[in-house]
There are 2 protein chains.
Amino acid sequence: MVMSGSQDGRRHSRDDVSEMALRLLDEYGLPDLTMRHIANALEVRASALYWHFPNKQALLAAVSARILRPMEDVRVEEMTVSEAVRRLGARLRECLLAYRDAAELVSSSLALGLVDSPIRPQLLAVTRRDEVPDPLARVAAEAVMHFVVGYTFHEQQRLTADSFGLLPEDASLNPDDVSASPSDAGEFEEALTMIADGLEVVSASARAGARPGPDGRAESS
Amino acid sequence: MVMSGSQDGRRHSRDDVSEMALRLLDEYGLPDLTMRHIANALEVRASALYWHFPNKQALLAAVSARILRPMEDVRVEEMTVSEAVRRLGARLRECLLAYRDAAELVSSSLALGLVDSPIRPQLLAVTRRDEVPDPLARVAAEAVMHFVVGYTFHEQQRLTADSFGLLPEDASLNPDDVSASPSDAGEFEEALTMIADGLEVVSASARAGARPGPDGRAESS
DNA sequence: ACCTGAACACCGTTCAAGT
DNA sequence: ACCTGAACACCGTTCAAGT
C-alpha cells in the first residue's frame with residue numbers, strides 16, 4: 001500500500017507541510033503552532049522547514065490559503081448583487097469557523113498582503129454583469145471582507161474562551177451584562193444585509209447622478 | 001525640579017508603564033515591544049512589570065485603551081445617524097494611524113474582548129434619539145468597528161512596508177497590478193457611506209414593516 | 001508597595017555539512 | 001533536492017527574596 005509520501009516517507013513537499021500545519025492549528029491552536037511542533041509532527045528538524053518556506057509568515061500564508069480554498073466553490077452567477085454579498089460573507093465566516101483560531105490567522109495574512117481577497121473576484125463577476133462601477137464593487141468587497149474577518153475573529157475568541165471555562169466567573173449573577181453576546185448568528189446576517197443594502201443605494205445613485213466620473217463615484221446634487 | 005515620578009524615580013505606576021509602552025510601540029513597532037524592552041526603558045527588570053499587570057496581553061490592552069482615548073472627544077449630539085457613523089469611523093481610523101502598528105495591536109485586544117468598543121456608546125446615543133432599535137444600532141457599531149480596524153490594519157501594514165522599501169520590486173513593470181492600492185482615503189469614506197446608508201435603509205424598514213419584533217428585526221412582507 | 005536575581009521552558013532563524 | 005546538528009540571540013513567566 002503505497003501513499004503519496006505525506007505519511008511516513010521522510011521527505012516532504014510544501015503541501016505536506018501546510019496540510020500538517022493546518023491539522024496542528026485545529027488541534028492545538030495558533031499559540032502552539034511553532035516551527036518546532038510542525039517539524040516534529042513531520043518527523044523532521046525545524047530547520048528543514050526553511051527549505052520549503054522562507055519564513056514562518058510565508059508558511060502561515062499557505063495555511064491561510066488552504067483555509068480559504070472552499071471560497072472558490074461558491075457559485076454566484078445566478079445571484080443578485082445583494083445576494084452575492086450575503087452568501088459570500090456567510091461562506092467566509094463558515095470557512096473561518098471550520099478550524100480553531102483560523103480567523104486570527106487569516107486576519108494577519110490578509111493584513112500583511114500575503115493572501116488575496118477571498119471575496120473580490122466573485123463579487124466583481126456579478127457587479128460587472130449588473131453594471132455596478134468596479135471601484136465601488138471593490139470597496140464593497142473590502143468592507144465585507146474586513147467586517148466578516150473581524151467579526152468572526154471576535155466570535156471565535158469567545159467560543160474557544162468559554163470552551164476553556166475561562167469566562168463564566170459571575171456570569172449568572174449579572175444577567176444584564178451582555179458583553180459576551182449569545183453568539184447570535186442572526187446579528188451577523190443582519191450586518192451583511194446592511195452592507196448589501198448600502199451597496200445598492202450607493203450604486204443606484206452612482207448610475208443616476210452625473211456622469212459616473214473617472215472613478216465611478218457620483219457627486220450628490 | 002520634581003516630576004511625577006515617570007522619568008527617573010525608580011518606582012512606577014501602571015500608567016507609567018503603559019505610557020512608555022506606547023512610546024516604544026510608536027518608535028520600534030509591535031514585534032519589538034517585548035516585556036524586556038519596556039522594562040529596560042523604565043530602568044527596571046522585566047519581572048517587575050508583573051507586579052503591575054498579570055501578563056503581557058493585559059499590558060497591551062492598557063496600551064490599546066490609551067490609543068483609543070481620543071474617541072471620547074467626538075461630540076455626536078448634533079449629528080444625524082449617518083453622519084455619526086462616518087465621523088466615528090473616520091476618527092477611529094485617525095486614532096489607529098497615529099501610532100505605528102496601532103491597528104494590529106487594537107485589533108487583537110478587541111478580539112480578545114480586553115477593550116470596549118470604541119464606537120458603540122456614542123453611536124447608541126444618536127440612534128436612541130432617532131428611535132432606531134438598539135439591537136440594530138449595536139450591529140451597525142460592530143460592522144463599522146470591524147471594517148475600520150481591518151481596513152486600517154491592512155493600510156498601516158502597507159504604509160510601514162513601503163517605508164522600509166520592501167514592496168517596490170517590479171511595481172513599475174506592471175501598472176495593471178493595483179493590488180497595492182494608492183492608499184485612497186476616498187475609498188475608505190465611501191465604504192463608511194455604504195454602511196451608513198445600509199443602516200438607514202434597514203432601520204427605516206424596521207420602523208415601517210410589522211411590529212419591530214422583540215429584537216428590532218423586521219420581517220419582509 | 002514595588003522591585004531584583006535567577007531560573008524554566010521555550011522561541012524563529014541561519015548555515016555549514018551531510019546524502 | 002531535501003534534511004541534520006549545532007548554534008545564536010532572543011522570548012514570557014514564576015517566585016523566593018530583598019527593601
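Protein chains get the first letters and strands the later ones, always in sequence-line order, with residue 1 at the start of each.
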- For A:Asn40 and D:dT4, give me the distance from atom CG to atom C1', rounded to whole Å. 14 Å

- Task: Stems involving DNA chain D: give each as a range paired with a range, ordered by first number, where a stem means at least three consecutive Watson-Crick or G-U wobble pairs under 3.5 Å.
- Result: C:4-8 with D:12-16, C:12-16 with D:4-8

- Does B:Ser203 have any side chain to side chain donor-acceptor pair (under 3.5 Å) partners at least two apart in sequence or in another chain, and if so, which? none

- Message: Rounded to whole Å, how long is the line connecting atom CG of A:Leu49 with atom P of D:dC3?
- Response: 9 Å

- Item | side-chain contact (heavy atoms from CB on, under 4.5 Å) partners of A:Thr152, counting only residues at least two apart | A:Arg93, A:Leu96, A:Leu97, A:Ala103, A:Val148, A:Glu155

Pairwise N/O distances under 3.5 Å, protein to nucleotides 5-7 of chain D:
residue	atom	partner	partner atom	Å
D:dG5	O6	A:Ser47	OG	2.8

- Message: Filter on side-chain hydrogen bond (donor to acceptor under 3.5 Å, both in side chains), then keep only pairs touching residues 51-64 of chain B, sequence neighbours left out; what's left?
- Response: B:Ser64-B:Ser109

- Message: Rounded to whole Å, please give me the gap between CE in B:Met35 and C1' in C:dC11.
- Response: 16 Å

- Task: Establish, with yes or no, whether the OP1 or OP2 oxygen of D:dC11 is under 4.0 angstrom from a side-chain nitrogen or oxygen of B:His37.
- Result: yes

- Task: Using the test side-chain contact (heavy atoms from CB on, under 4.5 Å), find all partners of B:Arg66 that sit at least two apart in sequence or belong to another chain.
- Result: B:Asp15, B:Ser18, B:Glu19, B:Leu22, B:Arg69

- Task: Kindly say whether A:Met194 contributes a backbone atom to a donor-acceptor pair with the side chain of A:Asp197 at under 3.5 angstrom?
- Result: no

- Message: On the nucleotide D:dA1, are OP1 or OP2 found under 4.0 Å from the side-chain N or O atoms that A:His52 carries?
- Response: no

- Message: Suppose you measure atom P in C:dC10 against the same atom in D:dA9; what distance do you get, rounded to whole Å?
- Response: 22 Å

